[in-house]
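These notes are about the structure you will find just below.
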Amino acid sequence: MTAAALIADSPLVIVVDDDADVRNSLQELIESVGLDVICFPSPRELLTAALPDRPGCLVLDVRMPGSSGLDLQQQLYEQGKTKPIVFLTGYGDIPMSVQAMKAGAVDFLTKPVRDQTLLDAVVAGIKRDVDQRKLAENTHEHTSRFATLTPREKQILYEVALGRLNKQIAFDLGISEATVKLHRSNVMRKMQTISVGELIRVWDALPSSLRDASSMSLSS
């Protein structure tokens, strides 16, 4: 693996806090465990920055001049950016923490916070992002392979995912069982699966819009 690839895969923690002393303290703490950190004094500066595409998480102060950390969480969500968030606040309350957690925050911590508690939350956020990125990558690969299937092969895949036998599929589609076997073999080759069980798991991992479209094409 190249040095550039190693950097791209290494986690990056993004800190947003209007207090320079807090930013510096958080940066030193997070870097002390070998993680890269980049800091911003406001949500606006974060939103206008060109950030590298790396796994990681956000550590956000809740109350800042202008947009709050909760406002930033909502803006990122609306932009389709799902980077996990750890909130830090000196003025937290229960409704605020409930709002943050319902919107997907990893944790909602009150200042002053124990170093290890914060680091544990950051590590949990990074793990969540790594898992999310892997899932998105797998979904993209499955979707790209699914796009190579013919309309008939998509119908066959749909029927196989329902657990139907070759003879049942043949009857539904008005074709021979041998033709069904041929199409199913092509589907497994194109989707790069080696068993029906794996093929069904790939089907389940496809976006619902694609699965629904295959169902509709069969019934039309």
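Keep in mind it's a predicted model, so treat the numbers as computed, not measured.
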So which atom in [X] and which in [Y] form the shortest heavy-atom distance, rounded to 0.1 Å?
| X | Y | answer |
| --- | --- | --- |
| Ile156 | His183 | CG1-CB, 3.7 Å |
| Leu149 | Val187 | CD2-CA, 4.2 Å |
| Lys190 | Thr148 | NZ-O, 3.2 Å |
| Met64 | Pro43 | CE-CG, 3.7 Å |

Test side-chain contact (heavy atoms from CB on, under 4.5 Å) applied to Leu47 and Leu72, step by step: CA-CA 9 Å; Leu47 291 171; Leu72 177 58; 3.8 Å; yes
So, the side chain of [X] versus the backbone of [Y]: is there a donor-acceptor pair under 3.5 Å, distance only?
| X | Y | answer |
| --- | --- | --- |
| Asp129 | Gly125 | no |
| Gln27 | Cys39 | no |
| Glu198 | Ile194 | yes |
| Glu137 | Lys134 | no |
| Ser144 | His140 | yes |
| Arg23 | Val16 | no |
| Asp172 | Ile169 | no |
| Thr139 | Leu135 | yes |
| Gln73 | Ala100 | yes |
| Arg164 | Glu159 | no |

Derivation and outcome, side-chain hydrogen bond (donor to acceptor under 3.5 Å, both in side chains), residues Asp71 and Ser68: CA-CA 5 Å; Asp71 292 333; Ser68 70; 3.3 Å; yes
Any non-hydrogen side-chain atom of [X] less than 4.5 Å from a side-chain atom of [Y]?
| X | Y | value |
| --- | --- | --- |
| Val86 | Leu60 | no |
| Leu58 | Leu46 | yes |
| Arg145 | Thr193 | no |
| Val113 | Leu88 | yes |
| Pro84 | Gln132 | yes |
| Ile85 | Cys57 | no |
| Lys83 | Arg133 | yes |
| Val122 | Val106 | no |

Stepwise side-chain contact (heavy atoms from CB on, under 4.5 Å) test for Ser25 and Val22: CA-CA 5 Å; Ser25 177; Val22 172; 5.6 Å; no
Residue pairs passing the salt bridge (Lys or Arg N to Asp or Glu O under 4.0 Å) test where at least one lies in residues 95-117, sequence neighbours excluded: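 Pairs touching residues 95-117 that pass the test: Asp17-Lys111, Asp61-Lys111.
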Step-by-step side-chain hydrogen bond (donor to acceptor under 3.5 Å, both in side chains) determination, Asp120 to Gln116: CA-CA 6 Å; Asp120 287 345; Gln116 192 59 52; 2.8 Å; yes
Full working for side-chain hydrogen bond (donor to acceptor under 3.5 Å, both in side chains) between Arg63 and Thr89: CA-CA 7 Å; Arg63 298 200 179 190; Thr89 181; 5.3 Å; no
side-chain contact (heavy atoms from CB on, under 4.5 Å) assessment of Ile126 paired with Val13: CA-CA 8 Å; Ile126 292 171; Val13 181; 4.1 Å; yes
side-chain contact (heavy atoms from CB on, under 4.5 Å) between Trp203 and His142, intermediate numbers included: CA-CA 8 Å; Trp203 166 264; His142 297 331; over 6 Å; no
Intermediate values then yes/no, side-chain hydrogen bond (donor to acceptor under 3.5 Å, both in side chains), Gln74 and Glu78: CA-CA 6 Å; Gln74 181 62 30; Glu78 291 172 352; 3.0 Å; yes
